[in-house]
Amino acid sequence: VKREKGQSIGMLFPMEIRQQFEACLCYAEEIEEIRIRAECPVCVYREGLEYYVNPNKGLCREREEAYVTGCMEVEKIFSHLCEDSPYAFREELKQGFLTVRGGHRIGVAGQVILENEKVTGMKNIRFLNIRIAHEKIGVADSVLPYLFEEGKFLNTMIISSPRDGKTTLLRDLIRLLSDGNQIQEGINVGVVDERSEIAGCYMGIPQNRIGARTDVLDNCPKSSGMMMLIRSMAPKVIAIDELGGNEDVAALKKVLHCGCRVVVTIHAASLDEVKRKREIRELLQDKVFERFIVLSREEDVRRIRIYGQGGELLCLK
Amino acid sequence: VLKIMGSFFLLMGVGGYGVSLVVEYERRIKMLQGIEHMIAVLCEYVTFEGATLQEALKSTKKRVEEVPKEFLEKVLKMLEEKNGIGIETVWQENCEMWVPYLEEAEVKRLSGLFQKCGYLERKMQVQVFETYKRELQQSINKLLEQKESKCRVYYTLGVMSGLFFCVLLW
């Protein structure tokens, strides 16, 4: 598994640059992010700590020993990540990221192209943030019993700050619902994967294990995708990553009217922060969600808190 | 008897060379038409599906026949095996190895096609293919126009040279 992961990360780099990263790939399982900036040392985040890439040592803490990428190298990496077809990722690039084979998400920054004050693209790409997809089978096992009542799956919201594992938890939850678990047999699950992060589809085929009864609308805006799935695939549960704007909330309400259950994730550090979000407040007032899972990191220890519909703490792990 | 047999084989051999030139000429036209079709399909996938070049090549492979199909299979296999090498390098290497019947200039033009790829704008990318397709069409039209006269020349020259050698032999 470790070697596969290493290979998957290695393949993100073009051949002539790959050897610079080869030594650090032995830490593939623990690498969370690789940050590449033109004329700057390459940084790697591993288990919450920052390291530099060193072609001989793998990872090091000394800046002087770090591998520095030039503008051309950043461009080559970007071109390789786009499979030499940046036009195919134009819409994603407008949002500043793209998802590549293996489900890894690449954040991109550079010079923005504006047209009538709207972002139409990006040029001179000089900054890349490679977020390594971590599929962790079994992370949802411990929370699953709290998400059912009388054998019925409850509408669930997963809350966490970036990089605290909400997408990983959502993915495993989807797998357990779709394949079946100790509480319920497998059910049809629909996934609107706007950023290809959940299923990590490559040419339409999920690269991550998301269950045998899961249908994926890849690269589709959440607001339109939810109803498309209801009409076309009749899922019992719909899963959405990073619920955000008013359009998403309006679409979610429609889905709930159709009798479908939902599991969503949202960016926030706590339940209180979610309550302060204007778009979400109405959903909370209507008591749409019956379970809230809050993921956090306290002194490098991962914590999971599960709250009930009224905000009462049901479990702390 | 030996002279007669020698003349017969000489006539067949040199005449056959003329025929082989005609066959090669026809194959060249067929090859160019196959490439034109391949580029048209590739263009479709890029335009309507917004597919990456690799995805478009994979889909195109299913819709083309014979030599272009084999060629695309080789390109895709190499892309998979040598992940990390640019598509333009793989394309060029395979063009030089696996595209038969074409003249050197035609192979050069085809092998350089992917060096003009990697545009942010889909229209620009498609334009590169469209331009190449137009050039191909012009070449095919020219070859088709000249086909009759050229084939006649090849046949005649073949037979006449055969006869000439026969006369020399006698």
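Convention: sequence-line order gives letters A, B, ...; per-chain numbering from 1.
In the displayed structure, B/Phe165 atom CZ is contacted under 6.0 Å by at most 12 heavy atoms of other residues, nucleotides or ligands.
For the pair A/Arg37 and A/Phe127, the NZ or CZ position fails the cation-pi test of under 6.0 Å to the six-membered ring centre and within 45 degrees of the ring normal.
No part of A/Leu12 comes within reach of chain B, as not one of its non-hydrogen atoms sits under 4.5 angstrom from that chain. Contact of A/Ile17 with chain B is not made at all, since no heavy-atom distance falls under 4.5 Å. If you measure heavy-atom distances from B/Gln125 to chain A, the contacts under 4.5 Å come from the side chain alone.
Note: B/Glu121 leads B/Glu121, B/Met124, B/Lys123, B/Glu88 in heavy-atom pairs under 4.5 Å with chain A.
The aromatic rings of B/Trp91 and B/Phe71 lie perpendicular to each other, with more than 60° between the two planes, well past the 30° mark.
Contact check on A/Lys118 versus A/Glu115 returns no salt bridge, with no Lys/Arg side-chain nitrogen under 4.0 Å from an Asp/Glu carboxylate oxygen.
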